[in-house]
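Read the structure below first, then the notes.
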Amino acid sequence: LMAILESYGDVVVAYFAGHDHLGGYCVSPAGIHHVTVPALLESNPDSTAWAIVTARADGSLKVDGRGDVPSRRLRRRKRV
């Protein structure tokens, strides 16, 4: 899967996965954002963990996090 995503690094902005109990984030050498959503099970009892992702005209993604999911702006990056 990684090899396929990396081969399209000029058009793939992000890869989202879930869940990891603590969540995670990194950027690959091709500039692809890898976002792992934190587990709802690990949220505070009075909180939640979800997000809305919006594709923007400039090619970026806006992640509007709720509860334990952080908000982010993911921009397409140049290959390293």
Side-chain angles (χ1 to χ4, degrees):
L1 179 60
M2 289 293 295
I4 294 169
L5 291 174
E6 297 286 321
S7 70
Y8 291 97
D10 56 333
V11 294
V12 175
V13 176
Y15 173 82
F16 291 87
H19 74 270
D20 178 58
H21 286 270
L22 299 177
Y25 173 79
C26 71
V27 179
S28 73
I32 298 170
H33 301 270
H34 291 260
V35 180
T36 304
V37 179
L40 183 58
L41 178 67
E42 298 293 332
S43 293
N44 293 322
D46 297 331
S47 188
T48 188
W50 60 279
I52 296 173
V53 179
T54 305
R56 302 181 55 92
D58 65 1
S60 68
L61 299 175
K62 178 185 174 195
V63 180
D64 190 13
R66 297 287 193 257
D68 293 333
V69 177
S71 294
R72 306 172 190 268
R73 178 85 179 264
L74 307 176
R75 292 182 172 86
R76 190 174 318 154
R77 298 182 179 199
K78 295 181 181 180
R79 289 178 182 256
V80 176

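These figures come from a predicted structure and were not determined experimentally.
When all heavy atoms of Ala14 and Leu74 are compared, the closest pair comes out as CB-CD1, 3.9 Å. Between Arg76 and Gly59, the shortest heavy-atom contact is NH2-CA, 3.8 Å. Between Leu61 and Val53, the shortest heavy-atom contact is CB-CG1, 4.2 Å. The shortest heavy-atom contact between Asp68 and Pro38 is O-CG, 3.7 Å. Among all heavy-atom pairs drawn from Gly65 and Ala51, the shortest one is CA-CB, 3.9 Å.
Of the candidates Arg73, Arg75, Arg72, Ser60 forms a side-chain hydrogen bond (donor to acceptor under 3.5 Å, both in side chains) with just one, namely Arg73.
Between atom OH of residue Tyr15 and atom NE2 of residue His33 there is a gap of 15.5 Å, rounded to the nearest 0.5 Å.
Both Val63 and Tyr25 are part of a single hydrophobic cluster, where members link through side-chain heavy atoms under 4.5 Å apart. Following chains of ILVMFWY side-chain contacts shorter than 4.5 Å, one can reach Val11 starting from Leu1, so the two form part of one hydrophobic cluster. Following chains of ILVMFWY side-chain contacts shorter than 4.5 Å, one can reach Ile4 starting from Val12, so the two form part of one hydrophobic cluster.
Partners of Phe16 according to the ring-ring contact (aromatic ring centres under 6.0 Å, His included) rule, which considers only residues two or more places apart in sequence or in another chain, do not exist here.
Evaluation of the side chain to side chain donor-acceptor pair (under 3.5 Å) test over residues 46-56, restricted to residues two or more places apart or in two chains, returns none.
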